[in-house]
Amino acid sequence: MSRRLIALAIVAATGVVRAQPAAPVPDPGSPEPASDPGSPALWPAIEPTTPSPTPAPASVPAPAPPGDEIGDQGISAELGLATGGRVTPGGLRVAGHYFYQLAERDWFDGTASFTFGSGRGACFRDREDVLVCDHGLAEGAGVELSASVRRLFAPQGAFRPFARAGVGLGLARFAGDDVSGGTVVLHGGGGVRVGVAPSIAVVTWGELALGFGRFGRGLGLEPQLGLAVMAGV
């Protein structure tokens, strides 16, 4: 009995209390415990992917219509009718053209044209003894050299429209009245070009001519006004 009291007295004096075992502190150098592979925290992050757009097929240019392969130079022969009156020659007209490319859509158009009409006389003197000429639509003869610019527009199928504007110098003669003179004429018109074979096309067009001429036999300055319709290759 006395021994137990002595032991309790020693424990109470020293304050020794049996403590609960503490949780072990992990060693910083020791590997971390393996985690559960089924844990969602360890699943790899999957980013949503956007499907790449399918490239559009390259557009294939439509083949040019036959005869639409226009080079930087060309020639044309044309035949048509021209109307005149008074002292403007009219009749059958023959023309030749030389083309030279100036820009993407513009060509220089150098033209030599010849007009063949009736040679009958139609001039007379009025009461004041002034010479007056009143020729018909298809009378007289003329030759002219002109310089123009021809602009080609976008093709409409096999058809390619164009416009033309320029100035010409010429000679007009009415043999039945022995009247002749020099002319200065402005030209403006348009038409269409139709390809029929490689580098070959049929052309139809019309124009208005407006200017003046200086004639002999006392006529002096006289207006020039005419229309022409042409077709050629």
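When a residue number appears, it is its place in the shown sequence, counting from 1. Small disclaimer: the values here were computed from a predicted structure and weren't measured.
Using bins of under 30°, 30° to 60° and over 60° for the plane-to-plane angle, the ring pair H97/W205 lands in the perpendicular bin.
Considering only heavy atoms from C-beta on, F108 stays 4.5 Å or farther from R150 through its side chain. The shortest distance between side-chain heavy atoms of R93 and M230 falls below 4.5 Å. Put simply, the side chain of Y100 does not reach to within 4.5 Å of the side chain of D109, judged on heavy atoms. Put simply, the side chain of L169 reaches to within 4.5 Å of the side chain of V184, judged on heavy atoms.
Going from atom OG1 of T111 over to atom CZ of R164 covers 4.0 Å, rounded to the nearest 0.5 Å. The distance from atom OG of S146 to atom CG of L186, rounded to the nearest 0.5 Å, is 11.0 Å. In this structure, F212 CZ and L225 CG are separated by 14.5 Å, a value rounded to the nearest 0.5 Å. For the atom pair S113 OG and L145 CG, the distance stands at 7.5 Å (nearest 0.5 Å). To the nearest 0.5 Å, atom CD of residue E139 and atom CZ of residue R86 are 13.0 Å apart. Atom CG in D106 sits 4.0 Å away from atom CZ in R151 (nearest 0.5 Å).
Looking only at distances, a side-chain donor or acceptor of Q224 sits under 3.5 Å from a matching main-chain atom of V87. Panel note: side chain R193, backbone P155; no donor-acceptor pair is recorded below 3.5 Å. Formation of a donor-acceptor pair under 3.5 Å by the E128 side chain with backbone atoms of V130 is not found in this model.
The two residues L81 and L92 have their closest heavy-atom pair at CD2-CA, 4.3 Å. Here the closest non-hydrogen pair linking T115 and G91 is CG2-N, 3.9 Å. Considering all non-hydrogen atoms of both residues, F174 and P89 come closest at CZ-N, 3.9 Å. The heavy-atom pair separating C133 from V179 by the smallest distance is SG-CG2, 4.4 Å. The heavy-atom pair separating V167 from H187 by the smallest distance is C-CD2, 4.3 Å. The minimum heavy-atom distance linking V194 with F159 is given by the pair CG2-CD2, 3.3 Å.
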Note to self: Please evaluate residues F162 and V203 with respect to the criterion side-chain contact (heavy atoms from CB on, under 4.5 Å), reporting the C-alpha separation (whole Å), side-chain torsions for both, the decisive distance (0.1 Å), and the verdict.
What the structure shows: CA-CA 10 Å; F162 65 87; V203 178; 3.7 Å; yes

Note to self: What verdict does the side-chain contact (heavy atoms from CB on, under 4.5 Å) test give for I200 and V233, after you've listed the backbone C-alpha separation in whole Å, the side-chain angles of each residue and the deciding distance to 0.1 Å?
What the structure shows: CA-CA 7 Å; I200 299 177; V233 177; 3.9 Å; yes

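F153 CZ: more than 12 foreign heavy atoms inside a 6.0 Å radius. For I75, the CD1 atom sits in a loose shell: 12 or fewer heavy atoms of surrounding residues, nucleotides or ligands are nearer than 6.0 Å.
By the 4.0 Å N-to-carboxylate-O rule, R120 lies too far from D177 to be salt-bridged with it.
Linking Ile, Leu, Val, Met, Phe, Trp and Tyr whenever their side-chain heavy atoms come within less than 4.5 Å leaves W107 and L102 in two separate clusters. Linking ILVMFWY residues whenever their side-chain heavy atoms come closer than 4.5 Å, directly or via other members, places L171 and F114 in the same cluster. Under a hydrophobic clustering in which Ile, Leu, Val, Met, Phe, Trp and Tyr are joined whenever their side-chain heavy atoms come within less than 4.5 Å, directly or via other members, L227 and L210 fall into the same cluster.
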